[in-house]
Amino acid sequence: MTQNTQKNRCFLELRNIHKRFGGVHALRGVDLSLEAGEVYHLLGENGCGKSTVIKIMAGAHPPSEGQIVLDGEVFNELTPIQSLDFGIETVYQDLSLIPNLSVMENVALGEQLVEGHGRLLRRIDGARMQQTATKALSQVDLDVTPELMSTIVSELPLATRQLVAIARAIACEARLVIMDEPTTSLTRREVENLIDVVSRLRSQNVAVLFVTHKLEECYRIGGHAIVFRDGQCVAQGPIESYSRADLAELMTGRQISEKRYREGSPSEDTLMSLSNFSMPGRFNDVGFDLRKGEVLGITGLSDSGRNELALAIAGIRPAASGTISINDKNIRIATASDSIDAGIAYVPEDRLSEGLFLSKSIYQNEVALILRKLAGFMGILDMKKGKEIAREISADMRLNTADIELPVSSLSGGNQQRVLIGRWLSINPEILVLHGPTVGVDVGSKDAIYQTIQKMAEDGMGLIIVSDDLPELLQNCDRILVMNAGEVVSDLNGASASEDDIYQAMLGSVQEGAA
Amino acid sequence: MSSAGTSNKPAPGHVSASGQLQQRRGLGDLIAKKPELVTLGLLIAICIAVAIANPAFLQPSTLIDIGRASVVTGLFALGVFVILAAGGIDVSFTAIAALTMYSITLLAINHAPNMPIYVVFLIAVAGGIALGVLNGFLVYTLRVPSLIVTIGTQYLFRGGLLAFVGTTWIMELPGQMGTFGRISLLEFETANGATVSLPVYFLILPAAAILTWWIMRRTLMGRAIFSLGGSPDVTARLGYNVKIVHLFVFGYAGALAGLAGIVHVTANRLANPFDLVGTEIAVIAAVVLGGARITGGTGSVIGTMLGVLLVVVVDNVLVMVGIPSTWQRVFVGAFILLAAAFFVTRQRKFKPAK
Amino acid sequence: MRFFDGHLTVLIGLIITLMTAGAIVSDGNYLSLFNLQSMAGQVPEIGLLAIGVLLAMCVGNGGIELSGIALANLSGVVAATIAVSFFSASQDPEIFSLIFIVVALATGFLGGLLNGLLIAYLKITAILCTLGTQMLFIGLAVAISDGRSVRVGAPGPLYEIGNGLLFEIPISFLLFIGVACIIGFVLRYTPFGMWLMLNGSNPKAAEYAGFPKNKVIISTYTVSGILSSLAGIIIAARTINVKWDYGTSYLLVAILIAVMAGVKPEGGYGRVICVVLSAITLQMMSSMLNFMGLSNFIRDFAWGALLLGFLAIGRFRLLDLINLQKHAISASVRSPHAQK
Amino acid sequence: QDTKSITTVVKISGIPWFDRMETGVTKFAEQNPEMDIRQVGPATADSAQQLQIVNDLVATGVDALAVVPMDPDILEGILGRAMDRGTIVVTHEADNQTNTHADIEAFDNSDYGAALNERLAQCMGEKGKWTTFVGSLGSRTHMQWVGAGEENAKKYPGMELVDPNNESFDDANGTYEKAKEILRKHPDIKGFQTSAGNDVLGVGRAIEEAGLAGKVCLVGTGLPNPSTAYLESGAITAIGFWDPQKAGMAMNAVAKLMLEGKEVTDGMDLGVEGYESVTVTPGAGKGLLIVGNGMVLVDKETYKDYLF
Ligand SMILES: Nc1ncnc2c1ncn2[C@@H]1O[C@H](COP(=O)(O)OP(=O)(O)OP(=O)(O)O)[C@@H](O)[C@H]1O
Ligand SMILES: Nc1ncnc2c1ncn2[C@@H]1O[C@H](COP(=O)(O)OP(=O)(O)OP(=O)(O)O)[C@@H](O)[C@H]1O
Ligand SMILES: [Mg+2]
Ligand SMILES: [Mg+2]
């Protein structure tokens, strides 16, 4: 068992894996083999089974059929501890951090757990935990302070949490690190760093399985592409051998072109006007106008205050001071319903926890905002009308099911996002604020969502897209506001700006400060 | 190795993580992190108020009486705390205590009147573990909230006890069980000639508290329990054996309940199968007043003990303060609400936004 | 939401089984009109409290209602004290009954409102809050009545509510069914009901969707309080007296009924019809055991076993044998473009 | 349908008091093999549970009910309906019950309360602080007893009642805590008069542990068997009670008489010890109030005659 004979030999193999969830056949005979020191990109649209296959390798789900081969040993299913013992470390799509434990415990407890083969009645070695955590956290470029180590994970911003999740995966001596969409809420800087981490892992002969919807990241990292469609593996090969269009076609089975979606132009009429908007410590003296039919992008680093600004407009965490007027009428936004009454719709970033009523039907999710309007005689809901509206929305949003009585939890990510956007369209808003509208959404669904955005703009709606997906902003916006340290530092033209321009603006003051 | 390449580059990640941390230090942060401070504050405030209302409160025997009265509730509360930390809730522990204490007393009377006291305790703990593990097993395999399962088992255990084991009181405790309750740790005489004694069984509470603290803070099991309370799915995914954690948590609470049952019997000098059941909600309230959230994943042993003290003290000063019987319940109810409100508002003010 | 879901089917099955078994063990006496009436007369008070528990659980936020029976008794005590001191039950039965009912409902309203305000605005955990108000309500009832029972007497209309029959059915039972229908209807067909359930299923999303969250929580507990006072009225009417410690065992029984009816304690789901049936099931079971002359401890044991049995049925999908359609989720939902 | 049935419904089943009553019911059943005689009771001390049982029994068509109401008032409705149905209703410990054919009391409640207090006063040397315990404030008989006790104590100007009417909920442990607190608050307290069956056990334990046995007096309702240890140590001065066995038999005897259509008259002998010559007066309602002569007051010297 020398290093040499191990190297470049396949050490993990999936054979004819099937997975069914009730009636859903999520994986339909997947065969895969992974080699040490390679980087794999698992590509595919929402709901094609990427996360599922990962969970099977990690032992989080048993396969319904098929085998898993680890170093020649055949298993019908794995337990998480077997998988970890073998050296498979996973950054799950939902991060899978324990919200109420400290950063240090999250990062470094796994090591001691695996070492005892899952035995729980063991004393914790505190010093060792500290050491492991320090090493792993500094590898993902986090500033390791005692405060950070003892902070409870749920108190961290999403981006830091994501880094902590990555740190956990590399804390142990892993043989395979799986990352399921690890970059969704990372800024470009952090993504760069992650790419460093990946190449370092590769150089240590660790295999990396990378899932993302951001194709440019895949090309930057290089390696093998594995394309899934509909629970099956449809293509494999060096990623360089596929063009973007090839990949998109393989994933969706259709042709999708990369283009600028924004064609129309906004009208002259000011729809909403914001001035002196402030929340101490978060954002400061923000002001801008939004015109009818305009698509306005807002971006910035994770701590730039863009999120708070969006939440303030939506009335969820209202601003401390400042005025907002719509159609030249001053309005007061203290709660979410104030904002809804004023015609502002806000599609939140985290659709699972902030947006959807997962266990409830599509119908109930779609009409959640218009219940008052649906109430007729004696406050009784007009169910027939409600269902009609829900059906209309589903059709408009091109939901791929006709049965609006199904629970939203049975839909895949992209479809869930459409349900959510559809809900907000039900109030015919004048202004639609989309926060990360395509986070974790695949190419196919993205296309549909962008087309909807443009159509709404043409209908005279004012749209604000808060996002750090720069291509998304460039493809869709008339103007892009860049925030930094709580202030709007730049107002760029969407048609003429480049990613680099935006990036410069985002980093602007930080670089000055560092220089 | 990594730091050489990255440390001199500007890293926004640093700024956001540590900058945020600095903002929230100070008193508020302390209270958010250590909610038991609120409990302590309340406890002190009450003691001061009572002492002003009736200086007779300030005598050593008060302390001893309160210590003694805390033992059974305290043992229960430790079990509840562990279960709450794991994200569950238990209302069957009083029934477990009643079932084990009564069956064992019966067993001892009928078959082994001279059973040494430590064997009695061992059997009680074993019985408690068995019933608790049954709870844990049901909660795990049925995958329903433990509140529901334990409502069911409470009826099952208590109904079983009274229907099949017996209902008659046992007044004459067998051998050592009878004497154990009277052994005192320290004893002194007050001015009017009354003896005040702290019984030996009091020691069981601090011992159990320290053991619980050690398990929760120093072992992987403790971390697994908190993880389970924070996020059960993730805990399973990270390789913790969730089934074992369930069995452990409920088994441990069962063990403490068994222990509490025997203490109750020996202290009371009679085994009454009707006792204990009905006090469970008050115990849960004590734990919650000690800073554990009912939704799981939080809490501390010290907080739990303070919560128990708070409840016991309030219960033991009503006559002292001179509140007439008719108004005592109004007073306790209002106190629970005020304490809870105070607690929540203090906590909420400093809760992080995310 | 399909009408015949698992819980409903099992409950109906159980009721039929109990009727058959009861008829067998009692030579048909169990199905005599008198006994059916007697059982029907016993269901409403606990049934109303269980619906209160359902509402509190469904609205989420860790909702639970422990103060129900205490509030029921307080309503009765307050109403009786006030009514008795101004009117005579035998001389002005109508006005006496009216005053009694109005005061009781008002007390229930205020008590529920207090719960709602404390939970919505002070954000006190429901279990702590209702435990505190439970003590408070009991305490007030004791203080008002000096711990004694307060005699209501048998003023015509009120007595009828507790003991009268309409078409051979106890009026209290009809009242209970009527109220259950209204609550069921409101939950299903009004914005309030939808808000309540959606809020229970994801409170954060409800906040983002701008639901009048606090109003919903407050209304929920207020309605629950009113249901408690209705139970209090029925108790007073049935027993001609009110006392602060009536029904102390109802606390857990009401939760038991709700849970057996499939109400999700974490919020967002529960059906009133199932609660009604579940209350009836428990009543029939305990009456049957009384008919057989079995000890009441066996009844507790049987309730526990029944609840756990229910959970096992739900867990292991034993119902799929009866109810196949439920899991037939079409495979087409999988991926947006799967078919193209 | 010749076998007539009498069912005795007690407050709670399983506790010593009503277990003792059950021995009486069983004895009566043995003496009357032609009748169907049983005793039942709820699992928890809750009047609602008892109400349910009575409801179901009435529905089964039982011929006579002998009820010891948890709360007489709560049962008024159903007992009234039972009587309308032709069921014979006999009660015990409920001299204010209106809907009953006959209520049977072992003794006059005021006499009993006064007797307990008199014994206490004797022990206390007719002076000093004393307090009272009741099962709950709503318990009518308990309140009557302590009321009569208070009245009696007025004879002795040296006796000072402090913090009266503590609720024990018949829970020995809770009573113990309360008694401790009272001993702390009033170090010079001299006497306790208690009402519920377990109160003497809780207070007795508190007195004994404080080493005050013999120095502080305790007189209350209790059963001899459970109280043995405390009577011996002197922590309990004296206990008063009536024999539930006899009360159970008396209730059933009256029920039987009424089922047979016979009348119960003043001075009649029910054939049960302590009820050899009962006083019969009109009760609170249309029924009779039958009072026996069953009071027992025992102390260290005499309790052995009544071991149960
Ligand atoms: N626990 C589950 N229960 C039922 N269905 C599930 C479950 N998990 C996944 N599915 C279904 O299995 C299919 C594959 O899901 P999976 O999460 O693997 O997709 P994915 O490729 O990771 O999509 P995304 O890009 O949105 O993350 C989807 O149709 C999904 O709805
Ligand atoms: N009310 C608050 N109290 C304390 N800290 C807060 C509060 N609101 C925000 N923060 C912290 O301020 C920092 C900036 O928050 P912000 O939400 O702008 O980051 P973000 O852009 O959302 O990050 P991500 O992209 O990960 O979501 C974060 O560290 C956040 O946790
Ligand atoms: Mg996925
Ligand atoms: Mg963000």
Side-chain angles (χ1 to χ4, degrees), chain B residues 89 91-92 95 138-139 141-165 167 273 277-278 280-282 284-285 288-289 293-295 324-345 347-348 351, chain C residues 62 64 66-67 70 114 118 121-129 131-147 244 248-249 251-253 255-256 258-260 263-266 294-312 314-316:
Chain B
I89 195 164
V91 294
S92 72
L138 289 173
V139 171
T141 43
L142 299 179
R143 318 230 162 176
V144 274
S146 47
L147 171 67
I148 301 181
V149 170
T150 55
I151 287 180
T153 51
Q154 192 211 73
Y155 274 99
L156 204 67
F157 295 157
R158 183 173 193 262
L161 166 66
L162 297 171
F164 308 122
V165 182
T167 57
V277 177
E280 54 277 345
I281 304 277
I284 295 171
V288 174
L289 285 176
R293 286 201 207 123
I294 204 96
T295 44
S325 302
T326 348
W327 286 96
Q328 285 181 3
R329 289 191 199 74
V330 178
F331 182 83
V332 174
F335 168 76
I336 291 183
L337 291 177
L338 284 178
F342 183 66
F343 215 93
V344 175
T345 38
Q347 241 176 3
R348 188 163 39 129
K351 216 166 87 180
Chain C
I64 194 154
L66 301 175
S67 67
L114 176 67
L118 290 173
Y121 286 117
L122 291 187
K123 308 255 184 290
I124 303 180
T125 329
I127 191 168
L128 258 192
C129 170
L131 181 75
T133 50
Q134 179 209 28
M135 288 273 197
L136 193 71
F137 296 154
I138 293 179
L140 286 173
V142 171
I144 292 171
S145 64
D146 247 351
W244 60 272
T248 39
S249 58
L251 186 73
L252 276 192
V253 179
I255 300 176
L256 180 71
V259 165
M260 256 181 53
V263 178
K264 278 201 192 135
E266 66 270 25
L294 287 178
S295 110
N296 265 254
F297 304 124
I298 297 207
R299 185 198 63 175
D300 282 9
F301 185 80
W303 278 0
L306 187 69
L307 174 61
L308 294 175
F310 251 87
L311 299 179
R315 166 72 181 104
F316 299 110

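A, B, ... follow the sequence lines: proteins, then strands. Residue 1 opens every chain.
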Using heavy-atom distances under 4.5 Å, tell me whether [X] contacts chain B through its side chain, its backbone, both, or neither.
{"X": "C/Ile298", "answer": "both"}
{"X": "C/Leu66", "answer": "side chain"}
{"X": "C/Leu306", "answer": "neither"}
{"X": "C/Val259", "answer": "side chain"}
{"X": "C/Leu140", "answer": "both"}
{"X": "C/Leu307", "answer": "side chain"}

Measure distances from [X] to the heavy atoms of chain C and classify the residue's part below 4.5 Å as side chain, backbone, both or neither.
{"X": "B/Ile151", "result": "both"}
{"X": "B/Val144", "result": "side chain"}
{"X": "B/Ile89", "result": "side chain"}
{"X": "B/Phe164", "result": "side chain"}
{"X": "B/Leu147", "result": "side chain"}

Pick from B/Ala285, B/Ala163, B/Ala282 with the largest number of heavy-atom pairs that fall under 4.5 Å of chain C
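Maximum pair count with chain C is reached by B/Ala163.
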Can you confirm whether [X] sits close enough to [Y] that some side-chain heavy atom of one is under 4.5 Å from a side-chain heavy atom of the other?
{"X": "C/Gln134", "Y": "C/Leu251", "answer": "yes"}
{"X": "B/Tyr155", "Y": "C/Val253", "answer": "yes"}
{"X": "B/Pro273", "Y": "B/Leu162", "answer": "yes"}
{"X": "C/Leu114", "Y": "C/Leu136", "answer": "yes"}

So which atom in [X] and which in [Y] form the shortest heavy-atom distance, rounded to 0.1 Å?
{"X": "C/Ala305", "Y": "B/Leu156", "answer": "N-CD1, 3.6 Å"}
{"X": "C/Leu118", "Y": "C/Cys129", "answer": "CB-SG, 3.7 Å"}
{"X": "C/Gly139", "Y": "B/Val330", "answer": "C-CG2, 3.1 Å"}
{"X": "B/Ser92", "Y": "B/Thr150", "answer": "CB-O, 3.5 Å"}

Using a cut-off of under 4.5 Å on heavy-atom pairs, state which of C/Trp303, C/Phe137, C/Phe297 scores highest against chain B.
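Going by pairs under 4.5 Å, I would pick C/Phe297.
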Under 3.5 Å, side chain of B/Gln154 to main-chain N/O of B/Val91, donor-acceptor pair present?
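Present.
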